[in-house]
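Below is one structure, written out as structure tokens; comments come after it.
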Amino acid sequence: MAETDREANRFSARASRYARVGANVGGVAARMAGARLFGREGTTNAAALAQALGGLKGPIMKVAQLLATVPDLLPPEYAAELQKLQADAPPMGAAFVKRRMMAELGPDWQGRFGSFDLKPAAAASLGQVHRATSKDGAALACKLQYPDMQSAVEADLKQLEVAFALHRRMNSWLDTREIAKEIGARVREELDYAREARHAVLYGGVLRDIDAVRVPAVHTDLSTRRLLTLGWLDGERILNFADSPVEIRNRIAQAMFKAWWHPFSRAAVIHGDPHLGNYTVFSEGGEAQGINLLDYGCVRIFHPRFVGGVVDLYRGLLTGDEPRIVHAYEVWGFKNLNRELIDILNIWARFIYGPLLEDRTRTVADGVKPGEYGRRQAFEVHQALKERGPVTVPQEFVFMDRAAVGLGAVFLHLRSELNYHRLFEAEIEHFSLDALAGRQGEALAAAGLPKPD
């Protein structure tokens with residue numbers, strides 16, 4: 001309860017957060033303005049901005065990570081520096097860890113583990129991960145939330161609302177209100193590690209028959225709302241395999257495809273944050289066999305009708321069925337559709353669905369670098385929408401779009417060559433909204449999660 005929760009959303013903590021954000025980012029902004037005045041803008045300022053945001057942690061950093069993945073939104077040097085925050089956020093020290101663990105598991109918290117490494121194995125925006133072992137020797141991954149994150153989230157989201165309001169006044173062609181709602185809802189969910197544990201259970205159930213994707217077990221006895229303990233999955237970074245034989249790269253890419261599209265087609269759920277830090281590659285017999293799915297904070301559960309819209313748009317683009325295309329956009333929540341807006345939306349749709357529409361072995365985008373994936377198409381859409389007038393991006397569309405771009409970038413890193421069309425057809429074979437609703441209901445009930453509205 002908020003009355004007894006010392007870290008609930010508090011005015012004093014929010015006020016402190018406002019001051020820290022202003023000091024950290026304001027100082028860098030002044031430097032950037034001065035550098036621009038004298039023509040010295042470049043990677044030094046980009047690195048300073050990344051450092052300032054990384055030190056702040058919380059949703060400001062989450063938003064920075066998001067901005068770095070949106071095509072054509074930031075100069076390349078800024079995107080490159082901000083992307084580093086996804087896997088290399090500044091960690092917190094041992095004294096902090098001891099205090100946090102005592103707060104979550106009590107004064108004898110160390111006695112509940114066989115071992116616990118106070119040095120984090122990884123650090124991110126809302127928490128950091130420590131290696132540990134259970135009393136019976138099982139390898140564990142303990143994700144520990146930074147203090148006062150609820151207050152930081154609410155303070156940062158308020159400032160994000162101000163930034164989006166300013167954006168709407170300066171760029172009247174894009175209504176960002178639904179985008180702000182979606183980011184706020186997902187970031188607040190990421191604070192609740194008990195919910196993330198249920199997400200992991202959900203994915204474990206949906207992917208239990210997919211040998212190429214591993215989901216860690218949840219240790220509920222060592223988990224709280226701000227501490228999540230999962231089984232440790234050994235693996236290597238995906239980029240370690242970027243120069244492997246094409247058969248290996250294709251195997252990893254196919255596992256990634258399954259990890260993303262199988263839960264979507266079977267339970268209307270997506271992993272909304274497919275950056276390289278959320279996956280590792282496991283090997284057997286000295287050879288890469290598949291991927292470990294490590295993080296379940298940014299998971300989006302859809303109503304089955306949204307998946308129906310995805311399938312309808314795919315089928316409509318594949319066969320040239322315009323009424324079906326229009327119906328898909330309406331299901332997704334786009335309003336006031338006309339011929340001009342449909343043509344603009346189809347630019348982006350044909351880019352996202354491109355690899356799925358061609359029945360041949362191909363790369364995702366020949367000759368395109370991962371950091372440039374989608375930039376040209378995004379620019380075309382932005383320019384067209386500016387000329388047309390205000391458009392509201394539906395809330396459910398936000399992370400679906402982000403995840404699709406992020407997944408494509410992973411395929412580009414791997415330089416995989418697959419028949420994406422046949423892989424997708426296998427996932428939606430005999431697709432039925434009623435069957436999907438039934439499977440989703442069973443999967444969510446087993447994980448202790450509510451159905452979407």
Do the charged groups of Asp221 and Arg112 touch, with an N to O distance under 4.0 Å? no
Could you state the interatomic distance from CG (Leu105) to CZ (Arg100), rounded to the nearest 0.5 Å? 11.5 Å
Could you tell me whether Asp211 atom CG has more than 12 heavy atoms of other residues or ligands within 6.0 Å of it? no
How many angstroms lie between atom CE of Met101 and atom CZ of Phe96, to the nearest 0.5 angstrom? 10.5 Å
Considering all heavy atoms, the nearest Ser283-Glu236 contact: OG-OE2, 4.4 Å
Please check if the side chain of Arg208 supplies one atom and the backbone of Gly205 the other of a donor-acceptor pair under 3.5 Å. yes
Looking only at side-chain N and O atoms, does Asp434 offer a donor or acceptor that is under 3.5 Å from a partner on Ser432? no
Approximate separation, where rounding is to 0.5 Å, of Arg422 CZ and Glu358 CD: 13.0 Å
Flag the pair Glu154 and Arg188 as a salt bridge only when some basic side-chain nitrogen lies within less than 4.0 angstrom of an acidic carboxylate oxygen. yes
Residue pair Asn292 / Asp234: nearest heavy atoms and the distance that separates them: ND2-O, 2.9 Å
Can you name the closest pair of heavy atoms from Val307 and Phe431 and give their distance? CG1-CE1, 3.8 Å
Are the side chain of Arg186 and the backbone N or O of Arg300 linked by a donor-acceptor pair below 3.5 Å? no
Main chain of Leu191, side chain of Gln145: is a donor-acceptor contact present, judged purely on distance under 3.5 Å? yes
When every non-hydrogen atom of Ser265 is compared with those of Leu436, the smallest separation belongs to O-CD1, 3.5 Å
Test item: His421 and Glu425 side chains (from C-beta on) under 4.5 Å apart, heavy atoms: yes
Ignoring hydrogens and angles, tell me if any N or O in the side chain of Tyr146 forms a donor-acceptor pair with the backbone of Gly127 under 3.5 Å. yes
Check: Glu104 main-chain N/O paired with Thr224 side-chain donor or acceptor under 3.5 Å: no
Check Lys258 with Glu427, please: is the shortest side-chain N to carboxylate O separation under 4.0 Å? yes
So which atom in Phe411 and which in Val364 form the shortest heavy-atom distance, rounded to 0.1 Å? CB-CG2, 3.4 Å
Quick check for you: to the nearest 0.5 Å, what is the distance between Ile352 atom CD1 and Leu407 atom CG? 9.5 Å
Under 3.5 Å: donor-acceptor pair, side chain of His199, backbone of Leu449: no
Going by the angle between their ring planes, with limits at 30° and 60°, are Trp332 and Phe334 parallel, tilted or perpendicular? tilted
Count the heavy atoms belonging to other residues, nucleotides or ligands that lie under 6.0 Å from CG of Asp453, then report whether that count exceeds 12. no
Ignoring hydrogens and geometry, is there a side-chain-to-backbone donor-acceptor pair from Arg439 to Arg266 under 3.5 Å? yes
Counting N and O atoms only, with roles assigned by atom type, does the side chain of Arg249 sit under 3.5 Å from a partner on the main chain of Ser244, one being a donor and the other an acceptor? yes
Phe264 and Trp261 aromatic ring geometry - parallel, tilted or perpendicular at 30°/60° bounds: perpendicular
How many angstroms lie between OG in Ser416 and CD1 in Ile248, if you round to the nearest 0.5 Å? 13.0 Å
For residues 203-229, the ring pair (Phe, Tyr, Trp, His ring centres under 6.0 Å) pairs (sequence neighbours left out) are Tyr203-Tyr296
What distance do Gln110 atom CD and Ser115 atom OG have between them, rounded to the nearest 0.5 Å? 10.5 Å
Basic-acidic side-chain contact under 4.0 Å: Asp243, Arg415: yes
State which residues pass side chain to side chain donor-acceptor pair (under 3.5 Å) with Tyr353; sequence neighbours excluded, sorted by chain then number. none
Under 30°, 30 to 60°, or over 60°: which ring-plane class applies to Phe113 and Trp109, parallel, tilted or perpendicular? perpendicular
Nearest heavy atoms of Ala443 and Ala267, plus distance in Å: CB-CB, 4.4 Å
Under the salt bridge (charged side-chain N to carboxylate O under 4.0 Å, His left out) test, which residues partner Glu284, sequence neighbours left out? Arg214
